[in-house]
Number of protein chains: 4
Amino acid sequence: MDLKVADPAATADLTVLASQDDVAALSAQAEQGGNPVIPMVSLLRSRLRDDNPAAARWLHGGLTSQDVLDTAIVLCLRDTGERLRGEIAGQVRALAQLAGDHRATVMAGRTLTQHAVPITFGLKVTTWLHGVLDADDDLAAASQRLPSQLGGAAGTMAAATLLAEKAGVDDAPRRAVDLMTYASEQLGLVAGSPWHTSRAPLTRLGEALVRCTGAWGRIANDVLVMSRPEIAELAEPTSQGRGSSSAMPHKVNPILSVMIRRAALSGPAVLSQLHTAAALAVDERPDGGWHLEWAALQALARETVVAAGQVTELLDGLHVDPARMAANAAGSCDDLLAEAHSVARLFDDTAGTVERPTRLIAPTPTTLDGYLGATDLLVDAALERARQFQGATR
Amino acid sequence: MDLKVADPAATADLTVLASQDDVAALSAQAEQGGNPVIPMVSLLRSRLRDDNPAAARWLHGGLTSQDVLDTAIVLCLRDTGERLRGEIAGQVRALAQLAGDHRATVMAGRTLTQHAVPITFGLKVTTWLHGVLDADDDLAAASQRLPSQLGGAAGTMAAATLLAEKAGVDDAPRRAVDLMTYASEQLGLVAGSPWHTSRAPLTRLGEALVRCTGAWGRIANDVLVMSRPEIAELAEPTSQGRGSSSAMPHKVNPILSVMIRRAALSGPAVLSQLHTAAALAVDERPDGGWHLEWAALQALARETVVAAGQVTELLDGLHVDPARMAANAAGSCDDLLAEAHSVARLFDDTAGTVERPTRLIAPTPTTLDGYLGATDLLVDAALERARQFQGATR
Amino acid sequence: MDLKVADPAATADLTVLASQDDVAALSAQAEQGGNPVIPMVSLLRSRLRDDNPAAARWLHGGLTSQDVLDTAIVLCLRDTGERLRGEIAGQVRALAQLAGDHRATVMAGRTLTQHAVPITFGLKVTTWLHGVLDADDDLAAASQRLPSQLGGAAGTMAAATLLAEKAGVDDAPRRAVDLMTYASEQLGLVAGSPWHTSRAPLTRLGEALVRCTGAWGRIANDVLVMSRPEIAELAEPTSQGRGSSSAMPHKVNPILSVMIRRAALSGPAVLSQLHTAAALAVDERPDGGWHLEWAALQALARETVVAAGQVTELLDGLHVDPARMAANAAGSCDDLLAEAHSVARLFDDTAGTVERPTRLIAPTPTTLDGYLGATDLLVDAALERARQFQGATR
Amino acid sequence: MDLKVADPAATADLTVLASQDDVAALSAQAEQGGNPVIPMVSLLRSRLRDDNPAAARWLHGGLTSQDVLDTAIVLCLRDTGERLRGEIAGQVRALAQLAGDHRATVMAGRTLTQHAVPITFGLKVTTWLHGVLDADDDLAAASQRLPSQLGGAAGTMAAATLLAEKAGVDDAPRRAVDLMTYASEQLGLVAGSPWHTSRAPLTRLGEALVRCTGAWGRIANDVLVMSRPEIAELAEPTSQGRGSSSAMPHKVNPILSVMIRRAALSGPAVLSQLHTAAALAVDERPDGGWHLEWAALQALARETVVAAGQVTELLDGLHVDPARMAANAAGSCDDLLAEAHSVARLFDDTAGTVERPTRLIAPTPTTLDGYLGATDLLVDAALERARQFQGATR
């Protein structure tokens, strides 16, 4: 489509003009103007000049540094989102399998670190699953509305308008908007008003990333507790030489969970940097807030992608020990059924208050079946949500 | 609807049983068990016992402290959301008015604190407006899916199931789920699986609140810069004795913006507490992460509600000085049109590079009209978005 | 001491002029000017006017709102520091007792959640003790150099200078400084240059508070892990009805540790607000950064003081089960001594690499004594540090 | 000094055994065990084995991964501290020069963005200077007590004790402590108890770094405000092509201040990660908290060092425009002297309250001299503090 603004001769494949080898020099030069776009444009122009002077001249016409950098960041984040959603698909598969397999695996439910009431391991896995699906919901929503940034120096599209006017276009302002829309479509991004100082696209994506690491952290925390030697209900996969120790040859550290947990603990502070940056937006381009986003998004994206793979590996190879779960639960059977006893007393007219029972009822299979019956329905609901996710992402 | 589980006699209006006068004692007792639900249940039971012993016995049956507290927090957050959206409706009205009124009010666009290119004040206001509408989008989404929490001690609904079983219900687990669904409907909340350790409902709401204060902070930052005496393009409303000084009788401080900015700067760190809490979820109820949420949500909700009113007051009474805007822009007219000059050179074959111009073109009304033509389209788009918001919320 | 500046008649006891009953009205009025000093000065003046018009006129002379508020905050923080150091003295006593009592109580050392090598519980307690003493070091340092704030509207002491000049003092500027120095001494604070925009006094104090909660959190984390029923090496004191559950009568939750941990997890984000406030200082008084400190410091001080008492209660009543520690360690005796085996192989010339041993040496009392001998020296060093602290604070 | 524990043959220069070329492989392998020490030890052993099998065997004897990594981080932080203090020495020189040169340069003092009372630019610079010196105080304190970490697998020094025992040393535990002390001295670090779970050494250093960037941010904020074209009292140095724009050839952006401000805004959240890590310490080595520190410290150190150089460049070349300062102040002369007028009324018996004056006194040089007289004393005090710093660091 020719929007008849730029010189048709100004067409060039820029991807062949620069490479990884230019990064060090560009980084050093980025220091001078405070962003890498200025030296990048200079470099590309100098390399275009001899063979395609029109392209050298037209390059970056109508754009400002923030347009280029914001759009580049959005494209990186889109790739990040796609990669994460690929990992999540595998995680949902593994989680659904675990939840179904262990819907009848009784274990001690724990609250505030103490044994509370019986649960099933399948039910626990559904809480992991819902967390991951919640994160995916937000990742999908944030990814689908990622916008381009093409507003020019102060978001007025003035340079593009002027270019269209000089090119003799009738309705130059409208053509400037059409240019922006067309370029956005080419990039697969949403066209819209400039958002130089209104940063919801980035903070929303950041939130979705932190929701991912948070959901994974919740899984890792459980694995870390349940793989303690005194509990020993879960164990990490040990393939790939994972978890060895430099001083203690016997040790197998739950290192996947440790690293996942690290990402979960790192994310919230990084997200606060993004929100601080957004809150400090001022003028038509901020005096530091914008610059603050770069390292934050880079750290957040990298840590989330790395953690995603670790979670998939963890879930695919997680060792579950139902016998140990049963043994640990049996060890505090009376305590675990204390709630059931309390409930039973609701039907006993002589008891006005609920006291700590001195002698507890023994569990029978029948009692326990009824007691845990609703967990089956909760597992069913989670598996149905997983199926809907799989249908939507297939 | 009678779900035939509880004793029909166990019906009581709890709202008359406790009052503001009980708060101090409950707060002190809350220390013992780590949450206020335990003493609250004791208090209510003791006050029910004489007149309605059945209600005293059945009270809290099937629930756990976290059910009560999480649901209570969700109800408070729903009220917070409604109040905020009411304020936002007024803000959108004021912003749309300002954007329309000033679509032709030319002023200096500023980037990295320096004059960049001309903009209109109307266009600047659209960036404020988009920020507020982005926040409202998320506030609406988070508010609409606020869930009840009714899972029992470890999220198994076991006590409710057992109660149904003892009451002779056929499919006790299903009845437990029906009970939860019915109670959720009564509360106007979404029914679903327990989320004791999967905290997206709260972090999403927290994010929406921080998006609000961030959007408002961006407005306040502009007002603070533009009301500096050397710039003097905007001034805060001075009604209600706002902004006086204890030492300097002449001063009128832009105190609304200062306080709004404070809320915007406070929010990100508080949100990081909510995400840290979510990332530390473990077992069936966490050992501190859950407790961390309470003060964070309280601070965030209070600061956001207070800031909302300040923003409405600010926008309703904002003084705009178009003459001063024109004067400031005229003072650096050559600089502001330097980009236009650069663009013009794209059509000049003899210029291979874009140099700093030594002598700049003079602006003419015609030139400027074309140059700023696209801002009209951007203002139109923002006003259309505001109208859609107003249609949806009326 | 009469510095001969103010009217001698302008002497009044302000403490009787306002009370807790005025707080609500002052809070509401504080909204107008953005701080509570403005209405407070008005209130005091109105109450002084009839009986002591000179005092009404001279009140607040030479001061600015920030002087009053910063100095008030510093005085509150000084009280906070003193109260905390009183609690810490009790904690150090309890910790020294525990470390000494359990210097020979062998238990499993745990790294990355897994059994590593044997330690003594006394050694573990020294790590708690060092953390608390590190925090006290910083608390003492920050408390001892808390400054007054007495600079006037823009930190120039101009009003005080002018007052001295009008009063006929020879060297008016010097007298203004003397006034500031004298007032600081009266308050027991350090005299110095105004620090309206240089906030180290507050961030340092905030850091010391967060170091306290962090050191306590480290203790709470250990108690939470070690009081898990499968480990059961420690238990919280159960006096005062602590740790009961609303649904499960058998449960005793480690609620002190849960609440201490909450404070430890809350602090870092609040401290980041203080540092953000400091980093945003601008002009002669900032446009929001200053205001951001108030709620942050209030939250931090309150949470730290509350946690301090909980830690003292926890340590004073902590139940230690040496038999269970021994049993847990014995259960993985071979693993715990794997390092010792590796070390022994260093003296075996035939072994070029360190392999996972297939059959492990049995521990003997002699071996273990040597193996843990250095822990005695480490406990001695910690107890010596505790004694020095006690000598310094007695 | 021969402590007669290790085989004397096990002496090797490790620095020649690995190089930058090994980093990529080590990084990839670090993933497996969760830290880079494990593959690093393997690599060094494999390269030592042929030529010095004793060294291969003894390498890492008595140490654990955390010993190596913590000590390495401390050494990096020591270098960071030294580099920063070198930059700060230059900054103090520049600041003292500016403060002295401009002690009589009158300008408008600004509070909450509005003109308040007159100040001198020299006085403003002293607030910058005090901030930088406060940061240096903490940097010096934190750097001087940086400890080694040499505790072995669980901080018991057990392996070192066992090695000494096997080597026939009489008092093996004491020898293990001597080994640790000797090694610490060789590294120039403080010897002491292991701090695997007590992280004050790192959080203190982190706080000092954030105090640096905060102090510099306060300077940058002033430069950004005062270099706005409507104010134009300061301008950044323009050497080195700093501050050019990709779209607007006329623009000179205050890019040093923008980047310094970015560092100041980034630091607080990173520090909160360090404090969160410290608060989550548990067992004898934490399950994620430790790992969280690495990226945080790396980011913080890098950003602080980069900002340090930018601040030095900014201060060395800062353009000050006293005429513009005078003009801006003269423009609101009546307002700036309103406080003086209020003060004067204190001596007027007929005025019971301080009203907004309707007609203001004119400033006279004499009045102003007295009014600003104390600023001279404050500048003197700041210059004296700078001289003491220079004496101490020479």
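Each chain gets a letter, A, B and so on, in the order the sequences are listed, and its residues count up from 1. When reading the values below, keep in mind they use all heavy atoms of this one structure, side chains included, and skip hydrogens, waters and symmetry mates.
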Minimum heavy-atom separation for [X] and [Y], please, with both atom names.
X: A:A374; Y: B:P173; answer: N-CB, 3.5 Å
X: B:V282; Y: A:R218; answer: CA-NH1, 3.9 Å
X: A:E284; Y: B:A108; answer: OE1-O, 4.2 Å
X: A:V117; Y: B:A153; answer: CG1-CB, 3.9 Å

Which one, [options], leads in non-hydrogen pairs under 4.5 Å with chain B?
options: A:P268, A:G109, A:S272; result: A:P268
options: A:I119, A:V177, A:L274; result: A:I119
options: A:T375, A:D287, A:D222; result: A:D222

Non-neighbouring partners of B:D138 that pass side-chain hydrogen bond (donor to acceptor under 3.5 Å, both in side chains), sequence neighbours left out: A:R204, B:R211
For B:D136, all residues meeting side-chain hydrogen bond (donor to acceptor under 3.5 Å, both in side chains), sequence neighbours excluded: B:R85
Which one wins on heavy-atom pair count under 4.5 Å against chain A: [options]?
options: B:A381, B:A279, B:G217; result: B:A279
options: B:D376, B:T197, B:T276, B:L378; result: B:T197
options: B:Q114, B:Q66, B:E207; result: B:E207
options: B:T120, B:D137, B:T203, B:D171; result: B:T203

Counting C-beta onward and ignoring hydrogens, is there a side-chain heavy-atom pair between [X] and [Y] closer than 4.5 Å?
X: A:L280; Y: B:L265; value: yes
X: A:H291; Y: B:L112; value: yes
X: B:S193; Y: A:T127; value: no

Using non-hydrogen atoms and a 4.5 Å limit, figure out which bit of [X] sits close to chain B: side chain, backbone, both or neither.
X: A:R174; result: both
X: A:L123; result: side chain
X: A:A159; result: both

Separation of A:D283 CG from B:K124 NZ (nearest 0.5 Å):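 Atom-to-atom, B:K124:NZ and A:D283:CG are 5.5 Å apart.
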Qualifying residue for side chain to side chain contact (heavy atoms under 4.5 Å, CB included) with A:S198, from B:V132, B:D134, B:L133, B:L129: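 Exactly one option meets the side chain to side chain contact (heavy atoms under 4.5 Å, CB included) with A:S198, and it is B:D134.
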Contacting moiety of B:A200, where chain A heavy atoms sit under 4.5 Å: both
